Structures are given as C-alpha cells and as structure tokens.
S.K.: 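One structure follows; several queries about it will come next.
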Amino acid sequence: MTRRYVEPGKATAVFNRVIQGLTKLGVSVWGSRVLVVRGRKSGEPRSVPVNLLTLDDSRYLVAPRGETQWVRNLRAAGEGQLRVGRRTEDFGYRELTDDEKPAVLRAYLRRWKFEVGVFFDGVDDKASDETLRGIAPGYPIFHVLARG
C-alpha cells in the first residue's frame, strides 16, 4: 500500500514558520501548538506547528498532509510535547483506526478548512461518513493522552 504524503510547498513552509513563531511567543493561532518530538534517525528534537483539535472533551492531532516527518517521528518516539509559549505538555497517544476517523475529520475540516482544505481534494465537513471513511487511510489521527 502506498502511503499518502503531500510535500509542503513554499507557501506552506512560510505559513508554518509564521505560525510556529507566534505559537512559541505564546500566541495560539486557532488552537495552534508547537509539536516537539524526537527525530527517529537523529534523536534530536524536531518541532512543527500543528492544530490541536478538541472534540467531545478529547484532543486530537490530525496530519492533513498524510505520512509526514512528524507523523513518522511521533510513531517512532511514542510520545511528544505540545508547547505554547513557555507552557509545555508531555503527552502520549493512541492512533485512531480508520473507522474512528470520520467524526474527527469532519470536526477538523469544520474548524480549519480555510487552512488545510487544499490537502483534502475537495472533501469538506459536509461530506458523508462514507466519503470520510474512504479518505481516512490517508490521514493519520492521534488521540492525545496526557502524561503525569
């Protein structure tokens, strides 16, 4: 099975740098966090801005570009940190199955379609559960679990 991965373009790279900079300063833009995870090859901390979705008292990280470096690193590390300014939260996760993804994808698209819609090939929050289930394999989703 071919893994879905959308390479970030120049505009995405610039946008990510701006959002990451603001988030590091303590300004959460639409729920943004800086995800810090140990690199699977280097062992060095890697950071990237992410959108943290809260849905029904649970929190999720969705990878709209698919099997990105942060997804691969998080899977290898088994844990990460979410940061806003000086606040740091260590977390573990449980990766969702494809059958669990439609409601989370719908909520994610409802909140951030203006930002990430280009990565969903015309699918939006009004799509049927069947359509969302059909695209689910291309979008890793992690249920964020707090660590003591």
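Not measured: the values here are computed from a predicted model.
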S.K.: Looking at every non-hydrogen atom in both residues, tell me the closest pair between Arg147 and Gly78 and how far apart they are.
M.R.: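 It is NH2-O, 3.8 Å.
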S.K.: Determine, step by step, whether Arg46 and Asn73 satisfy the side chain to side chain donor-acceptor pair (under 3.5 Å) criterion, reporting the C-alpha distance in whole Å, the side-chain angles of both residues, the deciding distance to 0.1 Å, and the verdict.
M.R.: CA-CA 9 Å; Arg46 302 293 182 207; Asn73 288 337; over 6 Å; no
S.K.: Tell me whether Val71 is reachable from Val116 by hopping between hydrophobic residues (I, L, V, M, F, W, Y) whose side-chain heavy atoms are closer than 4.5 Å.
M.R.: no
S.K.: Any link between Val118 and Val18 through a network of hydrophobic side chains (Ile, Leu, Val, Met, Phe, Trp, Tyr) touching at under 4.5 Å?
M.R.: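 Looking at the clustering, Val18 is in the same group as Val118.
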S.K.: I'd like to know if Leu105 and Phe114 are part of one continuous hydrophobic network [Ile/Leu/Val/Met/Phe/Trp/Tyr, side-chain heavy atoms within less than 4.5 Å].
M.R.: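 Looking at the clustering, Leu105 is in the same group as Phe114.
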S.K.: Going hydrophobic residue to hydrophobic residue with side-chain gaps under 4.5 angstrom, can you get from Val36 over to Leu52?
M.R.: no
S.K.: Please report the closest heavy-atom contact between Ala103 and Leu55, naming both atoms and the distance.
M.R.: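 The answer is O-CD2, 3.9 Å.
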S.K.: Could you walk me through whether Asp99 and Arg133 pass side-chain contact (heavy atoms from CB on, under 4.5 Å), step by step?
M.R.: CA-CA 6 Å; Asp99 288 334; Arg133 173 60 184 83; 2.5 Å; yes
S.K.: Between Leu132 and Arg106, is any pair of side-chain heavy atoms under 4.5 Å apart?
M.R.: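 They are in contact (side-chain heavy atoms under 4.5 Å apart), so the answer is yes.
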S.K.: Within a strict 4.5 Å, meaning less than it, do heavy atoms of the Pro64 and Tyr108 side chains meet?
M.R.: yes
S.K.: Under 3.5 Å, is there a donor-acceptor pair between the side chain of Arg65 and the main chain of Val6?
M.R.: yes
S.K.: With the threshold set at 4.0 Å, does a side-chain nitrogen-carboxylate oxygen contact exist between Glu95 and Lys101?
M.R.: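 Result for this pair is no, no salt bridge flagged.
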S.K.: Between the side chain of Lys24 and the main-chain N/O of Gly85, is any donor-acceptor distance below 3.5 Å?
M.R.: no
S.K.: Answer yes or no: is there a donor N or O on one side and an acceptor on the other, between the side chain of Thr131 and the main chain of Ala127, under 3.5 Å?
M.R.: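 Side chain of Thr131 to backbone of Ala127, a donor-acceptor pair under 3.5 Å: no, none is there.
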S.K.: Taking Glu100 for the side chain and Thr97 for the main chain, is one N or O donor matched with an acceptor at less than 3.5 Å?
M.R.: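 Yes.
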S.K.: Determine whether Val34 and Ile19 make a side-chain contact, defined as any pair of heavy atoms from C-beta on separated by less than 4.5 Å.
M.R.: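 Val34 vs Ile19: side chains apart.
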S.K.: Between atom CG of Leu22 and atom CZ of Arg17, what is the distance when rounded to the nearest 0.5 Å?
M.R.: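 The CZ atom of Arg17 is 13.5 Å from CG of Leu22, to the nearest 0.5 Å.
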S.K.: Nearest 0.5 Å, what's the CG-CD1 distance between Asp98 and Ile141?
M.R.: 8.5 Å
S.K.: To the nearest 0.5 Å, tell me how far Leu35 CG sits from Leu61 CG.
M.R.: 6.5 Å
S.K.: Counting neighbours of CZ on Arg38 that are heavy atoms of other residues, nucleotides or ligands and sit closer than 6.0 Å, is the number greater than 12?
M.R.: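 Result for CZ/Arg38: open.
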S.K.: Do the side chains of Val84 and Val50 join up, straight or via other hydrophobic residues, at under 4.5 Å, putting them in one cluster?
M.R.: no
S.K.: Is the positively charged end of Arg94 above the ring of Phe142, judged by distance under 6.0 angstrom from the centroid and angle within 45° of the axis?
M.R.: no
S.K.: Could you measure the distance from the CZ atom of Arg83 to the OG atom of Ser32? Nearest 0.5 Å is fine.
M.R.: 14.5 Å
S.K.: Provide the closest heavy-atom pair for His143 versus Arg59 in the form atom of the first, atom of the second, distance.
M.R.: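 Scanning both residues completely, I find the closest heavy atoms to be CD2-O, 3.3 Å.
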S.K.: Does any N or O in the side chain of Arg72 come within less than 3.5 Å of the main-chain N or O of Glu67, such that one atom is a donor and the other an acceptor?
M.R.: yes
S.K.: To check you understand the geometry: which heavy-atom pair defines the closest contact between Arg75 and Tyr93, and what is its length?
M.R.: CA-OH, 3.1 Å
S.K.: Side chains of Phe120 and Asp125, heavy atoms from C-beta outward: is any pair under 4.5 Å?
M.R.: no
S.K.: Measuring from atom CZ of Arg4 to atom CZ of Phe119, what distance do you get when rounded to the nearest 0.5 angstrom?
M.R.: 8.5 Å
S.K.: Which value, rounded to the nearest 0.5 Å, describes the distance between Leu96 atom CG and Tyr139 atom OH?
M.R.: 15.5 Å
S.K.: Take Arg110 and Asp124 through the test salt bridge (charged side-chain N to carboxylate O under 4.0 Å, His left out) and record every step on the way to the result.
M.R.: CA-CA 7 Å; Arg110 187 174 300 124; Asp124 64 16; over 6 Å; no
S.K.: Verify whether one side chain among Thr23 and Gln20 offers a donor that lies under 3.5 Å from an acceptor in the other.
M.R.: no
S.K.: Taking C-beta and beyond as the side chain, do Tyr60 and Val144 meet within less than 4.5 Å on heavy atoms?
M.R.: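 No. Closest side-chain heavy atoms not under 4.5 Å.
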S.K.: Start with the C-alpha gap between Asn51 and Val62, add the side-chain angles, then the distance that decides, and say whether side-chain contact (heavy atoms from CB on, under 4.5 Å) holds.
M.R.: CA-CA 7 Å; Asn51 293 322; Val62 176; over 6 Å; no
